[in-house]
> 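Before we start, here is the structure in question, set down as structure tokens.
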2 protein chains.
Amino acid sequence: MTKGNAFDPNCPTRLVLDRIGDKWTVLVVLNLCQGPMRFTQLKDQIGGVTPKVLTQTLRAMARDGLLTRHVFAEVPPRVEYELTELGHSLRAPIQAITDWAEEHVLQVMASRTGTLDQDE
Amino acid sequence: MTKGNAFDPNCPTRLVLDRIGDKWTVLVVLNLCQGPMRFTQLKDQIGGVTPKVLTQTLRAMARDGLLTRHVFAEVPPRVEYELTELGHSLRAPIQAITDWAEEHVLQVMASRTGTLDQDE
DNA sequence: AGTAACCAGTATCCAATGGATACCGTCGAA
DNA sequence: TTCGACGGTATCCATTGGATACTGGTTACT
């Protein structure tokens with residue numbers, strides 16, 4: 001459908017782009033690739049995320065069908081988040097982005113600090 | 001270097017992730033892939049972006065070495081933005097993301113609206 | 001002569017978002 | 001009895017994003 005006009009703000013692709021463009025979403029996917037995980041575990045893994053924001057992220061991702069939220073009726077409470085098939089399918093493209101980031105971070109940092117002596 | 005710990009907030013990969021995770025950055029790259037472009041042209045192509053934000057985005061991208069900003073001493077003024085080699089190298093991973101978005105947007109929308117009758 | 005348009009932005013203001021911090025209830029362990 | 005684990009909320013504030021209006025030099029139009 002309407003290939004390439006993610007430039008149209010009404011294009012649904014933009015909505016999807018907004019979600020997966022989210023910093024935390026990317027990190028959540030990368031974590032959950034390895035299997036289901038609990039809230040606190042996730043929070044500890046992903047440095048710097050506050051519980052509020054993590055909750056928001058997870059809820060939004062669940063709403064979009066990227067992951068499931070499974071509450072166990074236990075005490076202490078246990079909630080597991082697990083990628084859906086859809087969520088798993090995001091892994092490859094996200095990996096492409098993070099690979100790029102890791103590969104080129106030095107160039108970016110060099111450019112950012114005005115050090116223009118990168119010759120790669 | 002330190003593969004996989006984009007989870008550490010101090011990891012430079014996070015910084016890069018923040019930039020390329022930016023909605024407008026992605027759209028700018030996609031536009032500039034086809035060749036250099038002027039400010040207004042870019043603004044018109046990318047629906048919904050305000051000049052202030054576009055300026056911010058372009059400046060940040062230039063700072064990070066993703067594109068160059070070429071000012072022509074003409075009147076009316078002309079400023080051309082062009083991807084650097086580094087910027088071009090971002091195309092593939094970004095394309096992977098947008099392709100995913102276009103492929104799965106229906107599933108996401110279906111999940112979002114609660115319509116669970118999506119079966120490919 | 002006056003005026004409007006072009007271009008690449010600023011300036012200003014307001015709403016939404018992100019993030020820091022503190023707190024909650026339930027239960028078992030010390 | 002008080003503490004900690006767990007999975008979050010509640011509250012507050014700073015930063016950001018976005019909408020709208022404006023600038024200035026020149027040329028084209030009326």
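Each chain gets a letter, A, B and so on, in the order the sequences are listed, and its residues count up from 1.
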> Report the nucleotide, chosen from D:dG8, C:dG18, D:dT20, that has the shortest atom-to-atom distance to any side-chain atom of B:P51.
D:dT20
> Is A:T55 reaching over with its side chain to a backbone N or O of A:P51, donor-acceptor style, under 3.5 angstrom?
yes
> If you check the A:F39 side chain, which of D:dG7, C:dA8, D:dG18 turns out closest?
D:dG7
> In this structure, how many angstroms lie between the C1' atom of D:dT16 and the CD atom of B:Q56, rounded?
8 Å
> Rounded to whole angstrom units, what separation is found between the NE2 atom of A:H70 and the C1' atom of D:dG7?
16 Å
> Taking for each residue the nucleotide of DNA chain D with the nearest heavy atom, is it A:T55 or A:V75 whose nucleotide lies nearer the 5' end?
A:V75
> Heavy-atom count check: over 12 atoms from other residues, nucleotides or ligands less than 6.0 Å from B:R78 CZ?
yes
> When the distance from CZ of A:R69 to C1' of D:dG7 is rounded to whole Å, what number comes out?
8 Å
> What is the distance, rounded to the nearest whole Å, between atom NZ of B:K52 and atom C1' of C:dC14?
10 Å
> Mind calculating the distance between CG (A:D22) and P (C:dG18) to the nearest angstrom?
7 Å
> In chain order, what residues pass the salt bridge (charged side-chain N to carboxylate O under 4.0 Å, His left out) check against B:D18, with sequence neighbours excluded?
A:K23
> Mapping B:P76 and B:W24 onto DNA chain D by nearest heavy atom, which one lands closer to the 5' end?
B:W24
> Please indicate whether B:R91 has more than 12 foreign heavy atoms, meaning atoms of other residues, nucleotides or ligands, lying under 6.0 Å from its CZ.
no
> Can you measure A:R59 atom CZ to D:dG7 atom C1' for me and round it to whole angstrom units?
9 Å
> Does B:T57 use its side chain to pair, donor to acceptor, with the backbone of B:V53 at less than 3.5 Å?
yes
> Once you round it to whole Å, what is the distance between C1' of D:dC6 and CZ of A:R38?
7 Å
> How far apart are the closest heavy atoms of A:N31 and A:M37, and which atoms are they?
O-CE, 3.7 Å
> Heavy atoms only, 4.0 Å cut-off, all strands: where does B:Y81 land among base, sugar-phosphate and nothing?
sugar-phosphate
> Would you say B:T40 reaches C:dA8's phosphate, i.e. side-chain N/O to OP1/OP2 under 4.0 Å?
yes
> Does B:E74 have more than 12 heavy atoms from other residues, nucleotides or ligands lying within 6.0 Å of its CD?
yes
> Between D:dG17, C:dT10, C:dC7, spot the one nearest the side chain of B:P77, thanks.
C:dC7
> Looking at five pairs on each end of the helix from C:dA1-D:dT30 to C:dA30-D:dT1, what is the angle between the two axes, given to 10 degrees?
20°
> In this structure, how many angstroms lie between the C1' atom of D:dG17 and the NZ atom of B:K23, rounded?
8 Å
